[in-house]
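By convention in this document, chain letters (A, B, ...) are assigned in the order of the sequence lines, proteins followed by strands, and residues within each chain are numbered from 1.
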Number of protein chains: 2
Amino acid sequence: MAASDGTTERIRDAAIARFGRDGFGAGLRAVAADAGVTAGLVVHHFGSKERLRQACDEHVLAVMREQKTKALTDGTAGMLMAQLAEVEQYAPIVLYLLRSLQAGGELAVALIEQMTADAEEYLAAGEAAGVVRPSKDPAARTRYLAYQSAGGMLLWFTLHGSTADDDAFAASFRRYVEEIAPPALELFTQGLLVDRSMLDDFLMYVPDPPADER
Amino acid sequence: MAASDGTTERIRDAAIARFGRDGFGAGLRAVAADAGVTAGLVVHHFGSKERLRQACDEHVLAVMREQKTKALTDGTAGMLMAQLAEVEQYAPIVLYLLRSLQAGGELAVALIEQMTADAEEYLAAGEAAGVVRPSKDPAARTRYLAYQSAGGMLLWFTLHGSTADDDAFAASFRRYVEEIAPPALELFTQGLLVDRSMLDDFLMYVPDPPADER
DNA sequence: TGCGTGATTGAACAAGCGTTTAACGTAGGT
DNA sequence: ACCTACGTTAAACGCTTGTTCAATCACGCA
């Protein structure tokens, strides 16, 4: 995993892995044990648990920016992280990112912002190439797509992604992308509603659907 | 809401409100104080914190089913909860549901299942009425839409929904729905991609990627 | 050689957690 | 009037948490 194997970096990486696995409620002693040190040393190096998490955030953010996201958000967004997770070494970082999304905080906001920025660029390029339809409000569309795809991924992770093993996680991730890709592409190519003229009907249809029983 | 104002129900409602506000990490003493009792009495009535949460889950689930979800998942899914949150008295329950989605667990799965079932029914009705396009895999499409919309809502709540006040929460919720509705409708009516080439490429590629195990 | 500085440990601490226990008060039944 | 059962409280217990502290270890430098 690179990063000179100094003790500080080793603790930081152990914290990323442990927080990704168990969430930020994980104790300092567990992190310390993973790194082969004591709890006292952790706080000696980082000052406090919160500053440890800040260090983790910064490192993850640095890796993210370094990867330069050649992987585009294709609208499903899972592709981006799936590609990362496939490289086995990045699975802990992807897990940590998902935990951050789950917990909120600055890193989560930064993640969504970067995803949105990437999607914006990607969609604009697609539009220029004549592949993507123009939008009445491109920024709103981009934000909507980013939230939906990242949120869907987060929800999937919360409900079914609580796997302990990194490889199993990557495999599960691949399965998720494969599952959502077909309906996503279908929606993106043909839409959901028959045509534009139905929009008003749709809006009036929404308040009360056919009162079928069940 | 109501429920006879017995002490047990009062504690349960206080727990729903407190868990919704602070998450499930909230302490029993805080719940007890909200209900005007002591921590010991809470466990005397419910046995343990986990069983208290189970009682909360069951009650919330009962209210959900009782409301009969005339509010459909219109694909944005937020509509459902927004309509609920508008009735001020249901705001705590909606908050509790979001916390459950955030934490995972049985209630979260049940919520998504119910949303999916409602969406299935609604989409089938729309398709029969000629408003909704047919899908190659309707179940997959429904699941995809449910996860995306519920997940987007969850993510929004995690990042920006940490409001303390119930009314402010309902108002914020309304704003969220208003923000995502236009791009959602645009996507649903016109799609995102101009032609089917991407879908065709994908469908030809997907049948056999490197034959991984499973 | 000796000194000193930083890494590292193990123990201790205070606070919070969920839970247990003993006691008290009060109402109802016989 | 006694006894019982139950609602309720306050205190304590055991555990875990993050953090602090003193002591130990190792190594670079004079």
Side-chain angles (χ1 to χ4, degrees), chain A residues 1 3-60 96 99-100 102-107 162 164, chain B residues 2-60 96 99-100 102-107 162 164:
Chain A
M1 176 141 343
S4 54
D5 57 343
T7 307
T8 303
E9 289 80 8
R10 186 159 34 93
I11 294 176
R12 193 234 301 126
D13 291 343
I16 290 176
R18 173 61 72 165
F19 287 154
R21 217 186 274 307
D22 297 349
F24 295 104
L28 280 187
R29 285 165 180 81
V31 171
D34 290 349
V37 296
T38 346
L41 190 61
V42 176
V43 44
H44 171 254
H45 277 305
F46 293 92
S48 70
K49 183 182 184 179
E50 201 193 323
R51 292 230 292 279
L52 168 63
R53 183 176 163 180
Q54 286 180 358
C56 292
D57 281 9
E58 287 169 17
H59 181 246
V60 166
Y96 185 92
R99 288 289 178 192
S100 295
Q102 199 170 31
E106 292 186 23
L107 215 213
S162 302
Chain B
S4 55
D5 57 343
T7 307
T8 303
E9 289 79 9
R10 186 157 37 93
I11 294 175
R12 192 236 298 125
D13 291 343
I16 290 176
R18 174 61 72 166
F19 287 154
R21 216 185 273 307
D22 298 348
F24 295 105
L28 280 187
R29 286 166 179 81
V31 171
D34 290 349
V37 295
T38 32
L41 191 61
V42 176
V43 44
H44 171 253
H45 277 306
F46 293 92
S48 70
K49 184 182 184 178
E50 201 192 324
R51 293 230 290 279
L52 168 63
R53 183 177 162 178
Q54 285 179 355
C56 293
D57 281 9
E58 287 170 18
H59 182 246
V60 166
Y96 184 92
R99 287 289 178 192
S100 295
Q102 199 169 31
E106 292 187 22
L107 216 211
S162 302

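In this structure A:Arg29 satisfies the side chain to side chain contact (heavy atoms under 4.5 Å, CB included) test together with A:Ala39, sequence neighbours excluded. Partners of B:Arg18 by side-chain hydrogen bond (donor to acceptor under 3.5 Å, both in side chains), not counting sequence neighbours, listed by chain and number: B:Asp22, B:Asp34. Residues satisfying the side chain to side chain contact (heavy atoms under 4.5 Å, CB included) test with B:Thr8, not counting sequence neighbours, are B:His45, B:Phe46. A:Val37 pairs by the side chain to side chain contact (heavy atoms under 4.5 Å, CB included) definition with A:Thr7, A:Arg10, A:Ile11, A:Ala32, A:Ala35, A:Leu41, A:Val42, not counting sequence neighbours.
The NE2 atom of A:His59 sits 12.0 Å away from atom CG of A:Leu107, with the distance rounded to the nearest 0.5 Å.
Judged as a salt bridge (Lys or Arg N to Asp or Glu O under 4.0 Å), not a single pair has a partner in residues 50-59 of chain A (not counting sequence neighbours).
On the nucleic acid side, DNA chain D contacts chain B at distances under 4.0 Å to non-hydrogen atoms, with the end points of that region at D:dG7 to D:dA12. First and last contacts of DNA chain C with chain A, using any nucleotide atom under 4.0 Å from a protein heavy atom and ordered 5' to 3', fall at C:dA7 to C:dA12.
Minimum heavy-atom separation, A:Val31 to A:Ala14: O-CB, 4.0 Å. Nearest heavy-atom pair across B:Ala26 and B:Phe19 is O-CE2, 3.9 Å.
The stretch residues 38-48 of chain A touches DNA chain C through A:Thr38, A:Gly40, A:Leu41, A:His44, A:His45, each having a heavy atom under 4.0 angstrom from the strand. DNA chain D is contacted by A:Ala26, A:Gly27, A:Leu28, A:Arg29 of residues 24-33 of chain A, taking any non-hydrogen atom closer than 4.0 Å.
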